[in-house]
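Only one structure is covered here, and it is reproduced in the block below.
Just so you know, these numbers use all the heavy atoms, side chains as well, and skip hydrogens, waters and symmetry mates. All ligand and atom numbering here is 1-based and tracks the order in the structure.
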Amino acid sequence: MSERKRILSGMRATSPKLHIGNYEGALRRWVELQNEGCEMFCMVADWHALTTLEGEPMDIRRNSLEVAKDFVAGGLDPAKSAIFIQSDVKEHAELHLLFSMVVGVGKLERNPTYKDMVSALSKSTLVSYGLLGYPVLQASDILLYKPYGVPVGKDQAPHLELSREIGRAFNSRYGEVFPEFKDLIDKDESRSKLPGLDADENGKLRKMSKSYGNCLYLNETEDETAARIKSAFTTPSKMRKTDPGIPEGCAVCQYLKLYSPDWEKQWAEDVAGERGCFQSKKELTEALNEFLRPMRERRAELDDDAILAILKDGADKAREVAQKTMDEVRAAMKLA
Ligand code: ATP
Ligand code: MG
């Protein structure tokens with residue numbers, strides 16, 4: 001029996017590019033856990049990218065390959081961690097179907113993320129059965145691997161709770177198949193809930209999200225990163241350099257905290273009206289590009305053939321665990 005702690009986590013293939021929120025909230029932690037010797041299963045969730053059918057159909061396979069490249073560039077070592085695409089391991093779909101029999105529709109309809117997503121959709125967009133069932137698929141993704149823990153950003157906390165409830169509902173009806181898992185969410189919200197470049201209608205920072213497009217991406221040129229930082233939201237009442245800033249509500253100051261060794265001095269000057277936003281943006285650009293440079297260099301060396309081989313190997317490893325769990329599930333449900 002393996003003594004290693006097993007870890008499962010994933011990212012949606014909704015864009016070919018991961019952003020620094022995905023890195024700080026999840027990927028950074030995955031790399032740490034990998035290096036601590038955990039047994040890692042790192043998934044590109046392609047089926048999850050289909051839950052809303054807004055706009056033109058996207059090239060999900062292309063997105064998946066690019067996301068997997070970001071995983072490796074960000075520090076995952078395919079020799080230590082299984083990196084795979086969700087739809088390459090069909091057991092996720094089978095468990096999703098079986099779990100859909102033990103979860104109440106009311107519980108899914110009350111899910112706050114579902115309500116938010118529906119209200120964010122344009123009136124003409126189909127609210128799909130798949131969108132309502134999103135947490136059921138996520139529960140399958142997780143529980144198939146019976147993980148010790150799931151490292152994710154703070155936005156995922158309600159979904160993890162739902163996954164745990166689905167596991168408990170299954171266990172109480174069919175017997176103990178799924179052990180409880182831990183949320184591994186960074187307590188430091190500046191990492192687990194990293195703000196985006198823009199603000200909401202109330203002038204408050206909102207989460208950086210692939211689907212909002214308010215991102216600083218891991219894999220862009222230094223000039224592209226500089227241009228994005230130029231457009232970043234800062235303290236709205238700070239019109240002149242001498243106006244006091246409010247670093248807690250300023251995206252640029254939040255990023256400085258993570259990437260600049262001098263952030264405490266920079267924040268103090270911002271509050272005292274001793275520095276302008278232009279200077280902060282310039283310094284952030286330098287610090288962030290320096291931080292991302294090694295990842296960008298690693299990524300430039302990865303081609304499609306290399307990533308396809310990594311994903312095949314990862315899917316084989318994931319399937320081995322997934323098939324074992326499904327044998328137990330079918331036996332518990334008297335399907336086999
Ligand atoms: P989408 O808009 O398509 O949902 P996303 O940017 O929210 O994309 P996901 O693929 O949903 O990214 O999430 C991948 C992982 O990154 C999850 O663990 C999630 O909690 C984490 N994450 C996403 N955005 C942030 C953020 N702004 N700060 C910290 N963690 C984040
Ligand atoms: Mg998301």
Side-chain angles (χ1 to χ4, degrees), residues 7-33 40-55 58-60 63-64 66-68 70-71 74-76 83 85-86 111-114 116-118 120-121 125 130-131 134-135 137-139 141-142 147 149-163 181-200 204-219 228 232-233 251 254-255 257-259 288:
I7 302 293
L8 176 284
S9 195
M11 311 244 186
R12 304 213 293 165
T14 39
S15 150
K17 293 180 191 170
L18 294 183
H19 54 72
I20 60 171
N22 300 136
Y23 181 77
E24 296 299 338
L27 184 53
R28 181 194 281 270
R29 191 80 189 101
W30 301 0
V31 175
E32 286 166 5
L33 291 162
M40 305 297 298
F41 289 90
C42 303
M43 179 183 77
V44 183
D46 57 349
W47 282 330
H48 280 292
L50 287 166
T51 47
T52 50
L53 298 180
E54 272 195 319
M58 45 188 154
D59 187 346
I60 298 181
N63 289 356
S64 298
E66 299 302 323
V67 167
D70 276 352
F71 285 1
L76 281 187
I83 302 170
I85 297 178
Q86 182 185 33
N111 166 21
T113 331
Y114 168 72
D116 291 349
M117 284 175 95
V118 170
L121 291 174
T125 303
L131 179 64
Y134 176 103
L137 182 56
Q138 196 170 1
D141 299 333
I142 295 171
V150 182
V152 285
K154 190 146 193 282
D155 62 308
Q156 292 300 315
H159 289 154
L160 296 191
E161 191 43 39
L162 249 170
S163 292
F181 64 87
K182 291 190 191 312
D183 295 9
L184 303 176
I185 298 174
D186 202 320
K187 293 206 173 39
D188 178 357
E189 282 204 9
S190 56
R191 291 190 195 282
S192 62
K193 198 179 164 191
L194 190 112
L197 290 163
D198 59 356
D200 65 15
K204 293 261 182 316
L205 296 175
R206 60 175 186 162
K207 172 187 163 316
M208 185 176 283
S209 270
K210 287 186 237 109
S211 49
Y212 300 159
N214 58 355
C215 307
L216 289 169
Y217 296 101
L218 301 181
N219 186 39
R228 290 191 194 279
F233 180 80
Q254 291 299 313
Y255 308 142
K257 186 175 174 196
L258 297 179
Y259 301 108
L288 183 59

Closest non-hydrogen protein atom to [atom], residue and atom name please, with distance?
atom                    : result
atom 8 (O) of ligand 1  : Lys210 NZ, 3.3 Å
atom 20 (O) of ligand 1 : Asp155 OD1, 2.6 Å
atom 16 (O) of ligand 1 : Asn22 ND2, 3.2 Å
atom 11 (O) of ligand 1 : Arg12 CG, 3.8 Å
atom 30 (N) of ligand 1 : Gly21 O, 3.1 Å
atom 28 (N) of ligand 1 : Leu194 N, 2.9 Å
atom 2 (O) of ligand 1  : Ser211 OG, 2.4 Å

Can you confirm, on distance only, whether ligand 1 has an N/O atom lying under 3.5 Å from any N/O atom belonging to [X]?
X      : answer
Met208 : yes
Pro151 : no
Gln156 : no
Gly10  : no
Thr14  : yes
Lys154 : no
His19  : yes

Closest contact, heavy atoms only, [X] versus [Y]:
X      : Y      : value
Ser64  : Ile85  : CB-CD1, 3.7 Å
Arg206 : Asn214 : NE-ND2, 3.9 Å
Leu205 : Ala251 : CD2-N, 3.8 Å
Arg29  : Pro151 : CG-CB, 3.9 Å

Aromatic plane relationship, Trp30 with Phe71 - under 30° parallel, 30 to 60° tilted, over 60° perpendicular | perpendicular
Between the side chains of Tyr259 and Glu24, does any donor sit under 3.5 Å from an acceptor?
-> yes
Should one rank Met11, Glu24, Arg191, Lys207 by closest heavy-atom distance to atom 5 (P) of ligand 1, which comes out on top?
->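 Of the listed residues, Lys207 has the closest heavy atom.
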Chi angles and distances behind the side-chain contact (heavy atoms from CB on, under 4.5 Å) call for Leu8, Phe181 = CA-CA 10 Å; Leu8 176 284; Phe181 64 87; over 6 Å; no
Is Lys17 paired with Asp70 through a side-chain N to carboxylate O contact shorter than 4.0 Å?
->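 A salt bridge is absent here (no side-chain N lies under 4.0 Å from a carboxylate O).
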Where the side chain of [X] meets the backbone of [Y], is there a donor-acceptor pair that is under 3.5 Å apart?
X      : Y      : result
Tyr23  : Tyr217 : no
Arg12  : His48  : yes
Asp186 : Gly25  : no

Within a distance under 4.0 Å of any heavy atom of [X], pick out the atoms of ligand 1 and give their elements.
X      : result
Ala26  : 18 (O)
Lys193 : 28 (N), 29 (C)
Gly153 : 18 (O), 19 (C), 20 (O), 21 (C), 30 (N)

Heavy-atom count around Lys193 NZ within 6.0 Å, excluding the residue itself: above 12?
->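 12 or below, so no.
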Location of contacts on Ala45 toward ligand 1, heavy atoms closer than 4.0 Å | neither
